[in-house]
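Just below is one structure, and these are the notes that go with it.
Keep in mind it's a predicted model, so treat the numbers as computed, not measured. Values reported hereafter were calculated over all heavy atoms of this structure, with side chains retained and with hydrogens, waters and symmetry mates removed.
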Amino acid sequence: MPLKSRYQALPKRRHQSLITGFSGLTIALFLLGFIAGNFGGHLFKDHLYNSVLLLFENTLNNLSTLEINGKDVFLYSLKENLKIFFLLVFFAMTNVWRFYYAGFTLYTGFSQGLFCSFCMILSGAGGFVQYLFFLLPQSLLLAPVFLLCICHLDDLHCDLFSSENSDNSKGILQNAKKRQLIISKLPLLLICIVLLTAGALLEGYLNIPLLKYI
């Protein structure tokens, strides 16, 4: 096989293995944070979370009577989703991307585990089902979107820094290659923004009525 053909085939193989391996690592970090958050919530419930649990319980008990504006929930959810998204994009273009990504994934898992522990402390084992209802249906869309986004941003990060370290990419040529790499990811990132907006719509206009009904 000519050298040029081998060079063109290599990135495709690396890209496929990167998505598979990196997705597994992301899920493992999330689950580690989730377990730690759930364990911590149960371990320190009598010392740290009494007031929080009381507020959470009162909110659950009165949820069906609360006046919750779907538009406000949608706008808040959209703002939070886009903030997380753009922070991920920003850090993907820096040399601290792996640290930020690992911290973000662990923290997300920890906060979700803590939330799950609140539900289980108040409702027993059935609280896990209650926790799942809080995530539905928006998380069926948001979780895969963020996972896909993180995988491709890591791919972009690797390509950017391999380009930066290449002996054949200097000055203007190097900058042009970086712009080309970023532009190549724009369609996918724009799709992610559309899907994140759809997830926020589900949270604002479907999740809240579903929780009130249940």
- At what distance, to the nearest 0.5 angstrom, does NZ of K185 lie from CG of D159? 7.0 Å
- Query: Would F86 and V194 show up in the same hydrophobic cluster when neighbours are defined by side-chain heavy atoms closer than 4.5 Å?
  - Reply: no
- Evaluate the side-chain proximity of F115 to C119: yes if any heavy-atom separation is below 4.5 Å, no if none is. yes
- Task: Measure across E203 and S77 and return the closest heavy-atom pair with its distance rounded to 0.1 Å.
- Result: OE1-OG, 2.7 Å
- Query: Going from CZ on F134 to CG on L210, what distance comes out if it is rounded to the nearest 0.5 angstrom?
  - Reply: 10.5 Å
- Query: So do the side chains of L153 and F91 get within less than 4.5 Å of each other, counting heavy atoms only?
  - Reply: no
- Report yes if some heavy atom in the side chain of L189 is under 4.5 Å from a heavy atom in the side chain of H152; otherwise report no. no
- Message: Walk me through whether F128 and C116 qualify under side chain to side chain contact (heavy atoms under 4.5 Å, CB included).
- Response: CA-CA 6 Å; F128 183 75; C116 181; 3.5 Å; yes
- Task: Treat each ILVMFWY residue as a node, draw an edge where side-chain heavy atoms are under 4.5 Å apart, and state whether L32 and I35 are in one component.
- Result: no
- Item | Same apolar cluster (I L V M F W Y, side chains within < 4.5 Å links), I191/V89 | yes
- Query: So if you build clusters from Ile, Leu, Val, Met, Phe, Trp, Tyr with side-chain heavy-atom gaps below 4.5 Å, do V73 and Y76 land together?
  - Reply: no
- Spatial distance of atom OG1 (T94) from atom CZ (F99) [nearest 0.5 Å]: 10.5 Å
- Could you tell me whether the side chain of Y100 reaches within less than 4.5 Å of the side chain of L87, counting heavy atoms only? yes
- Message: Looking at L114, is its backbone amide N or carbonyl O close enough to the side chain of N38 to form a donor-acceptor pair, meaning the two atoms are under 3.5 Å apart?
- Response: no
- Residue pairs involving residues 115-133 (criterion side chain to side chain donor-acceptor pair (under 3.5 Å); sequence neighbours excluded): Q112-Y131, S123-Q130
- Specify the closest pair of heavy atoms between I150 and W97, including all atoms of both residues, with the distance to one decimal. O-CZ2, 3.9 Å
- Item | Distance-minimising heavy-atom pair for A198 and L141 | CB-CD2, 3.7 Å
- Message: Evaluate I84 against F146 for side chain to side chain contact (heavy atoms under 4.5 Å, CB included), listing each step before the verdict.
- Response: CA-CA 9 Å; I84 293 170; F146 272 116; 3.6 Å; yes
- Quick one: does N207's side chain get under 4.5 Å of L202's, heavy atoms only? no
- Item | Rounded distance (nearest 0.5 Å) linking atom CG of L142 with atom CG of L135 | 10.0 Å
- Minimal non-hydrogen separation, F85 against L196, with atom names: CB-CD1, 3.7 Å
- Message: Other members of the hydrophobic cluster containing L186, with the 4.5 Å side-chain heavy-atom rule, please.
- Response: I183
- Task: Answer yes or no: does atom OH of Y205 have more than 12 heavy-atom neighbours from other residues, nucleotides or ligands under 6.0 Å?
- Result: yes
- Note, D154 side chain near R98 side chain (heavy atom, < 4.5 Å): yes
- Message: I'd like to know whether L148 forms a side chain to side chain contact (heavy atoms under 4.5 Å, CB included) with L188, so could you lay out the CA-CA distance, the side-chain angles of the two residues, the decisive distance to 0.1 Å, and finally the verdict.
- Response: CA-CA 9 Å; L148 178 68; L188 176 70; 3.9 Å; yes
- Would you kindly confirm whether L75 and L195 end up in one hydrophobic cluster when ILVMFWY residues are joined by side chain heavy atoms under 4.5 Å apart? yes
- Task: Drop me the distance from Q138's CD to L136's CG, to the nearest 0.5 angstrom.
- Result: 7.0 Å
- Message: Are the side chains of L25 and Y101 in contact, using a 4.5 Å heavy-atom criterion?
- Response: yes
- Rounded to the nearest 0.5 Å, what's the gap from CG on L156 to OG on S184? Could you check? 7.0 Å
- Just jot down the side chain to side chain donor-acceptor pair (under 3.5 Å) partners of K71, sequence neighbours excluded, or say none. none
- Message: Testing the basics here: between G204 and I208, what is the closest heavy-atom pair and its distance to 0.1 Å?
- Response: O-CG1, 4.1 Å
- Query: Given F104 and L29, is the side chain to side chain contact (heavy atoms under 4.5 Å, CB included) satisfied, shown in steps?
  - Reply: CA-CA 10 Å; F104 163 78; L29 286 172; over 6 Å; no
- Is the shortest heavy-atom distance from the side chain of T197 to the side chain of F74 under 4.5 Å? yes
